[in-house]
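What follows is a set of notes on a single structure, which appears directly below.
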Amino acid sequence: MADKKTLILGATPDTSRYANLAANRLVGRGHTIVNVGIKTGEVAGVAIEKAEIIHNDIDTVTLYIGPQNQPPLYNYILNTHPKRIIFNPGTENAELRRMAEEKGIETEYACTLVLLSIGQY
């Protein structure tokens, strides 16, 4: 399986959160991750950073923040130029989806954990 460097937006050290579970599963499956969130700490051995550094080598952005909190991050997300954005359940956002697709970024309303479990990540 090829490494799909994944930016986890909404990363948290809280082990009860899906973003945390996804980070650990991604690393466990051999993917490199970048954790971005408002919390401090680390997940799966990778520090959580603020949405400041634009990463230019991201395959996938997987969203774990609700649509009401996404608008201030639109430029950050789009400027990473990922190949795709996964809108996990509860993060669906038609406006961001349209903006991404206009820039040639693939979008999916899907669940990262399910995609990993069925080998479709």
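Positions are given from 1, in the same order as the sequence printed here.
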Measuring from atom [atom1] of [X] to atom [atom2] of [Y], what distance do you get when rounded to the nearest 0.5 angstrom?
X: Leu115; Y: Leu26; atom1: CG; atom2: CG; value: 10.0 Å
X: Leu63; Y: Glu92; atom1: CG; atom2: CD; value: 10.0 Å
X: Asn88; Y: Leu113; atom1: CG; atom2: CG; value: 7.0 Å
X: Leu96; Y: Leu78; atom1: CG; atom2: CG; value: 6.0 Å
X: Asn79; Y: Leu73; atom1: CG; atom2: CG; value: 11.5 Å
X: Asn20; Y: Arg25; atom1: CG; atom2: CZ; value: 11.0 Å

Taking all non-hydrogen atoms of both residues, which atom of [X] and which atom of [Y] are closest, and how far apart?
X: Tyr76; Y: Glu52; result: CE1-N, 3.8 Å
X: Val36; Y: Lys50; result: CG1-C, 3.9 Å
X: Pro89; Y: Ala110; result: CD-O, 3.5 Å

Transitively linked via ILVMFWY side-chain contacts under 4.5 Å: [X] with [Y]?
X: Leu9; Y: Tyr109; answer: yes
X: Leu21; Y: Val43; answer: no
X: Ile85; Y: Tyr64; answer: no
X: Tyr121; Y: Leu7; answer: no

- How would you list all residue pairs meeting salt bridge (charged side-chain N to carboxylate O under 4.0 Å, His left out) that involve residues 94-104, not counting sequence neighbours?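 The answer is Arg97-Glu101, Arg98-Glu102.
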- Thr60 and side-chain hydrogen bond (donor to acceptor under 3.5 Å, both in side chains): which partner among Lys5, Lys4, Lys83, Arg84?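 That would be Arg84; it is the only one of Lys5, Lys4, Lys83, Arg84 passing the side-chain hydrogen bond (donor to acceptor under 3.5 Å, both in side chains) with Thr60.
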Side-chain touch [X]/[Y], heavy atoms, less than 4.5 angstrom:
X: Val61; Y: Ile105; value: no
X: Met99; Y: Ile77; value: no
X: Ile65; Y: Thr91; value: no
X: Arg17; Y: Lys39; value: no

- Task: State which residue, out of Ile48, Ile58, Thr6, fulfils the side-chain contact (heavy atoms from CB on, under 4.5 Å) condition with Val34.
- Result: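 Result: among Ile48, Ile58, Thr6, Ile58 is the only option passing the side-chain contact (heavy atoms from CB on, under 4.5 Å) with Val34.
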- Examine distances only and state if a side-chain atom of Asn35 and a backbone atom of Ala11 form a donor-acceptor pair shorter than 3.5 Å.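 Here the side-chain-to-backbone pair does not exist.
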- Item | Ile38, CD1 atom: more than 12 neighbouring heavy atoms under 6.0 Å |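 Check fails, neighbour count at 12 or below.
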